[in-house]
Structure formats: structure tokens, C-alpha cells
Amino acid sequence: MCDYFVRNPLKVISSVILSIGFILLLSYYWTIQYVPEINIESITGVLISIAVSVTLIVLVSLSIFFYSAIVWPTSKDVLPVALYWSMSEN
């Protein structure tokens, strides 16, 4: 099984992306209790677009969190408010 993953990484990645999109779409329609009529030709594009959108949202959110964690300690020299807050904690 691991040998298949190593030989076909694009198939595995596309299958994982489609599965994530399917799970997100299924959970959304499950919460609103609605079953749409979707044909096979259009569902692949919908699943890929959902998975890519969620991936981008997660990456942007993580980059914002990491950026703030990296910049905040160095901002004491630049921002007087950051200096004030760090002094009030001591």
C-alpha cells in the first residue's frame, strides 16, 4: 500500500482533496437537511473548488497566527503600545 502511495502521489493527493471536498459538502447539506440534484460531470469541479477554498482559508489563517507570533515580540521597538502592554504585565 505504501508503495502505491510513493509511485502515484498525484492520484493520492487528488483523491484526498476530493474526499475532503465531499465530506465538507456532505456535512453542509446534512446540516441544512437538503439533498440537491447534482450530476456527475459537475460534482468533481464543485468538490475540487470546495477543497481548494478550505485549504487556502486554513493556510491563510495559520500564516496570520504564525506571523503575529513572530512579529509581536519584535514590535516592542516599533510600537509604543506594545511596549506599554509588555510593561504593564511585569
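Counting begins at 1 with the first residue of the sequence. Just so you know, these numbers use all the heavy atoms, side chains as well, and skip hydrogens, waters and symmetry mates.
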Under a 4.5 Å side-chain heavy-atom rule over Ile, Leu, Val, Met, Phe, Trp and Tyr, are [X] and [Y] clustered together?
X     : Y     : answer
Val52 : Val58 : yes
Leu62 : Leu24 : yes
Val16 : Leu59 : no
Ile20 : Ile57 : no
Tyr28 : Tyr34 : yes

Can you give each donor-acceptor pair under 3.5 Å made by side-chain atoms of residues 2-11, sequence neighbours left out, with the distance rounded to 0.1 Å?
unit_1: Asp3; atom_1: OD2; unit_2: Arg7; atom_2: NE; d: 3.2
unit_1: Asp3; atom_1: OD2; unit_2: Arg7; atom_2: NH2; d: 3.3

Q | Atom pair CH2/CG of Trp30 and Leu26 - distance to nearest 0.5 Å | A | 7.0 Å
